[in-house]
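Everything on this sheet refers to the single structure shown next.
Just so you know, these numbers use all the heavy atoms, side chains as well, and skip hydrogens, waters and symmetry mates.
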Amino acid sequence: APRLAAGGPVAVEAAGLGPVELGPEEVGVVEEPVTGWRVAREGGASVALDLEVTPELRLEGLARDLVRAVQDLRKEAGLRVSDRIELAVEASGEVAGALAAHRDYLMGETLAVELREGAAASERAEGGTVATVDLDGEPVRLWLRPIR
């Protein structure tokens, strides 16, 4: 099929006739996309990607968005790259699920020595930097303070 699509002939074995050469004008090449997949071709190479987002991948993506939000808050607070922090996150729904599933990842990426969840983000507002961010339509309250 790639050779025909490129305009070249192909040889096929026909029972009782032997090899028969067919040109692109004699054959119709039809491509039917598979739902949830994307295919790209260049030259003789093809790549197919499964675009389905599993619940696990969705939580991982939300965890990365949460890390990005905390890193932005660290920057806003004027912290150095190496500063360790105390962190509190108040989230619900899928963001809370992402936090539970990827707690160690969040702490490692943000250099959080301590991570409190739930209402602790509101209760600890004094003496730190606070922000409320929107992660995929869900409000998330963040609090952090450097450990010196």
Side-chain angles (χ1 to χ4, degrees), residues 1-12 21-148:
R3 191 171 213 193
L4 284 171
V10 290
V12 294
E21 191 171 279
L22 299 173
E25 67 282 349
E26 300 168 301
V27 177
V29 177
V30 178
E31 294 183 17
E32 293 184 23
V34 176
T35 302
W37 286 78
R38 171 82 71 186
V39 177
R41 290 187 177 83
E42 186 170 319
S46 297
V47 175
L49 299 175
D50 182 356
L51 301 180
E52 180 186 354
V53 176
T54 64
E56 293 81 13
L57 285 175
R58 177 140 175 77
L59 291 181
E60 185 178 328
L62 287 170
R64 289 179 187 205
D65 290 344
L66 188 54
V67 166
R68 200 169 13 262
V70 172
Q71 299 295 38
D72 288 346
L73 189 57
R74 285 176 58 96
K75 187 174 182 179
E76 180 183 313
L79 301 181
R80 296 183 309 252
V81 174
S82 60
D83 284 342
R84 305 268 180 217
I85 62 169
E86 290 177 68
L87 176 63
V89 180
E90 185 176 356
S92 60
E94 285 187 306
V95 177
L99 178 58
H102 298 283
R103 181 184 178 89
D104 291 341
Y105 167 74
L106 173 65
M107 291 181 71
E109 291 295 308
T110 62
L111 299 181
V113 175
E114 179 183 341
L115 172 58
R116 295 179 189 220
E117 298 176 46
S122 299
E123 295 166 4
R124 298 185 58 105
E126 284 186 36
T129 304
V130 178
T132 299
V133 297
D134 181 284
L135 291 185
D136 203 33
E138 295 184 33
V140 177
R141 186 167 168 87
L142 303 172
W143 172 90
L144 64 80
R145 176 172 58 197
I147 297 174
R148 306 232 186 229

Inter-residue atom distance [X].[atom1] - [Y].[atom2], 0.5 Å rounding:
X: Glu52; Y: Leu57; atom1: CD; atom2: CG; value: 9.0 Å
X: Asp72; Y: Lys75; atom1: CG; atom2: NZ; value: 7.5 Å
X: Asp83; Y: Arg145; atom1: CG; atom2: CZ; value: 13.5 Å
X: Glu60; Y: Thr54; atom1: CD; atom2: OG1; value: 8.5 Å

Of the non-hydrogen atoms in [X] and [Y], which two are nearest, and what is the gap between them?
X: Leu87; Y: Ala112; result: CB-CB, 4.0 Å
X: Ala77; Y: Leu144; result: CB-CD1, 4.3 Å
X: Glu109; Y: Gln71; result: O-NE2, 2.8 Å
X: Leu62; Y: Val95; result: CD1-N, 4.2 Å
X: Ala98; Y: Ala63; result: CB-N, 3.9 Å
X: Glu86; Y: Glu114; result: OE1-OE1, 3.6 Å

Original post:
Quick one: which of Ile85, Asp104, Leu106 gives a side chain to side chain contact (heavy atoms under 4.5 Å, CB included) with Leu115?
Top reply: Leu106
Original post:
Could you go step by step and tell me if Arg84 and Leu111 meet the side chain to side chain contact (heavy atoms under 4.5 Å, CB included) rule?
Top reply: CA-CA 5 Å; Arg84 305 268 180 217; Leu111 299 181; 2.8 Å; yes
**OP:** Report yes if the side chains of Val89 and Glu117 come closer than 4.5 Å at any heavy-atom pair, otherwise no.
**Re:** no
Original post:
Does the side chain of Val133 reach to within under 4.5 Å of the side chain of Leu73, using non-hydrogen atoms?
Top reply: no
Original post:
Are the side chain of Arg74 and the backbone N or O of Arg80 linked by a donor-acceptor pair below 3.5 Å?
Top reply: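 Judged by distance alone, yes, a pair lies under 3.5 Å.
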**OP:** Evaluate the criterion side chain to side chain contact (heavy atoms under 4.5 Å, CB included) for residue pair Glu90 and Trp143; output intermediate values, then yes/no.
**Re:** CA-CA 9 Å; Glu90 185 176 356; Trp143 172 90; over 6 Å; no
Original post:
With the threshold set at 4.0 Å, does a side-chain nitrogen-carboxylate oxygen contact exist between Arg68 and Asp65?
Top reply: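 Judged by the 4.0 Å cut-off on N to carboxylate O distance, Arg68 and Asp65 do form a salt bridge.
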